[in-house]
> 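Shown below is the structure under consideration.
Values in this document were obtained by computation on a predicted structure and should not be read as measured data. Per chain, numbering begins at 1; letters A, B, ... match sequence-line order.
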2 protein chains.
Amino acid sequence: MISGKFAITIHILTLLTKFPNDFLSSEFIAGSINLNPVLVRKEIANLKANHIVESKEGKNGGTKLAVDSSKLTLKEIFEMTFETIGLGYAKNQPNPDCPVGKKINQNLDALYSEMNQKVSAQLEGISLEDFSNQF
Amino acid sequence: MISGKFAITIHILTLLTKFPNDFLSSEFIAGSINLNPVLVRKEIANLKANHIVESKEGKNGGTKLAVDSSKLTLKEIFEMTFETIGLGYAKNQPNPDCPVGKKINQNLDALYSEMNQKVSAQLEGISLEDFSNQF
DNA sequence: TATATTTGTAACATATTTTATTACAGTATG
DNA sequence: CATACTGTAATAAAATATGTTACAAATATA
């Protein structure tokens with residue numbers, strides 16, 4: 001899951017923020033995203049591993065936020081779901097006998113690294129609460 | 001082609017910048033990228049459509065830069081190959097009857113739009129010449 | 001305690017997207 | 001006129017993303 005991971009996770013977290021006192025079921029959440037509940041549970045597993053949510057098994061179980069939405073920033077969500085941003089790499093290893101092939105990935109890395117810093121700075125300025133308040 | 005398009009295009013352009021007086025064949029370029037020559041020609045077709053390179057058919061044909069590498073910025077290359085950056089969307093249309101589902105994509109759009117502005121500003125400051133000089 | 005409901009997770013299936021290959025007509029060079 | 005390219009279409013293969021089914025384990029509550 002690459003393209004949808006961040007979007008799905010932030011969608012889940014927004015719902016949890018809107019209902020901070022309820023354990024929401026994966027089925028309910030899936031209904032809002034229009035996604036298979038199993039995939040929702042998979043993203044929730046990731047959120048649990050990062051101690052962002054807690055969930056309760058069994059009847060009337062579900063998931064709820066375990067952190068203060070004003071303290072969690074989009075940067076952290078980004079890092080939990082995307083690792084890093086960039087404009088990609090050629091799939092195959094470039095020719096190491098060519099001066100350009102030899103250094104292209106290194107130079108792209110440097111470029112993307114700077115890009116990440118800028119994007120991170122932006123995302124760090126937005127809390128989950130801020131984002132949720134837009135709805 | 002999503003992940004590799006920018007990387008491949010900038011690799012091609014770097015080679016062309018390094019050999020500004022030669023028509024380089026797709027086979028030669030493919031050898032540096034380690035990519036099928038047909039895919040190189042496809043990216044070159046895109047560059048041609050944007051008047052960045054010119055190419056010559058027939059024997060001893062190939063491609064050469066048609067612009068001044070100090071005038072072309074990475075922003076333009078980005079726009080020719082990537083359109084826009086972002087952290088993706090859930091694949092299916094979210095539930096329009098849910099307040100969150102109804103506005104999630106719109107709010108993501110706004111977030112990604114700001115992200116693009118930051119990335120564009122960064123890329124605008126780097127010319128193809130600058131990039132090529134790193135090799 | 002029995003039933004219903006929900007998570008957690010694995011295994012498998014399908015769809016979509018990327019990348020690669022083959023083929024060949026058209027064009028310029030020498 | 002033989003050779004070496006581009007341009008492009010059609011097809012194939014590989015990789016990745018998404019969806020489905022199944023079921024054990026957990027827990028509320030009747």
> Can you tell me how far P of D:dT8 sits from CG of B:Asn46, to the nearest Å?
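So the two atoms are 12 Å apart, to the nearest Å.
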> Give the ring-plane orientation class for B:Phe6 versus A:Tyr112, where under 30° counts as parallel, over 60° as perpendicular and anything between as tilted.
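The rings of B:Phe6 and A:Tyr112 sit tilted, inter-plane angle from 30° to 60°.
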> What's the closest nucleotide to the B:Val38 side chain, out of C:dT21, D:dT20, C:dG26?
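Out of C:dT21, D:dT20, C:dG26, the nucleotide with an atom closest to B:Val38's side chain is C:dT21.
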> Starting from P on D:dA13, measure out to NZ on A:Lys91 and report it in whole angstrom.
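Between P of D:dA13 and NZ of A:Lys91: 15 Å.
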> Looking only at side-chain atoms of A:Lys59, point me to the closest of C:dT5, D:dA25, C:dA20.
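My answer, after comparing the listed nucleotides, is C:dT5.
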> May I have the step-by-step check of side-chain hydrogen bond (donor to acceptor under 3.5 Å, both in side chains) for B:Asn105 and B:Asp109, ending in yes or no?
CA-CA 6 Å; B:Asn105 284 339; B:Asp109 279 344; over 6 Å; no
> Counting heavy atoms from C-beta on, name the nucleotide in D:dT8, C:dT9, C:dT27 closest to the side chain of A:Ala45.
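Comparing D:dT8, C:dT9, C:dT27 against the side chain of A:Ala45, the answer is C:dT9.
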> Can you list the steps and then say if A:Ser113 with A:Asn116 is a side-chain hydrogen bond (donor to acceptor under 3.5 Å, both in side chains)?
CA-CA 5 Å; A:Ser113 165; A:Asn116 268 278; over 6 Å; no
> Considering the options A:Ser26, A:Ser25, A:Ser55, which one meets the side chain to side chain donor-acceptor pair (under 3.5 Å) requirement together with A:Arg41?
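When A:Ser26, A:Ser25, A:Ser55 are each tested with A:Arg41, the side chain to side chain donor-acceptor pair (under 3.5 Å) holds only for A:Ser26.
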> Between B:Lys48 and B:Glu54, is there a salt bridge with N-O shorter than 4.0 Å?
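No, this pair does not count.
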> Describe the nucleic acid contact of B:Thr63 in one word from base, sugar-phosphate, nothing, applying a heavy-atom distance below 4.0 Å.
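Touches nothing.
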> Would you tell me if any nitrogen or oxygen in the side chain of B:Ser55 comes within less than 4.0 Å of OP1 or OP2 on D:dG7?
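Yes, B:Ser55 has a side-chain N/O under 4.0 Å of OP1/OP2 on D:dG7.
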> By nearest nucleotide on DNA chain D, pick out whichever of B:Gly58 and B:Ala90 is the more 5' one.
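Here B:Gly58 is the residue nearer the 5' end.
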> Between A:Asn60 and D:dT29, does any side-chain N or O lie under 4.0 Å from OP1 or OP2?
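Affirmative; the distance criterion is met.
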> Measure from NZ on A:Lys42 to P on C:dA10 and round the result to the nearest Å.
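It works out to 9 Å between those atoms.
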> What is the separation between atom CZ on B:Arg41 and atom P on D:dC5, rounded to the nearest whole Å?
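About 11 Å, once rounded to whole Å.
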> State whether A:Ser25 places a side-chain N or O below 4.0 Å from either non-bridging phosphate oxygen (OP1 or OP2) of C:dT6.
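Looking at the OP1 and OP2 atoms of C:dT6, neither is under 4.0 Å from any side-chain N or O of A:Ser25.
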> Tell me the interatomic distance from A:Glu27, atom CD, to C:dT7, atom C1', rounded to whole angstroms.
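The answer, rounded to whole Å, is 12 Å.
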> Closest nucleotide of DNA chain C for B:Asn34 versus for A:Gly62: which of these residues is on the 5' side?
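Going by which nucleotide is closer to the 5' end, it is A:Gly62.
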> When you measure from the side chain of B:Leu35, which nucleotide among C:dT7, C:dA20, C:dT9 comes out closest?
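Selected nucleotide: C:dA20.
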> According to a strict under-4.0 Å criterion, is B:Asn36 in side-chain N/O contact with OP1 or OP2 of C:dT19?
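False: B:Asn36 side-chain N/O out of range (4.0 Å or more) of C:dT19 OP1/OP2.
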> Figure out the CD/P separation between A:Glu43 and C:dT9, and round it to whole Å.
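So the CD-P distance, A:Glu43 to C:dT9, works out to 13 Å.
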> Could you tell me the separation between the CD atom of A:Gln93 and the C1' atom of C:dT19, rounded to a whole number of Å?
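So the CD-C1' distance, A:Gln93 to C:dT19, works out to 17 Å.
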> Can you measure A:Phe23 atom CZ to C:dG8 atom C1' for me and round it to whole angstrom units?
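Those two atoms, CZ and C1', are 16 Å apart.
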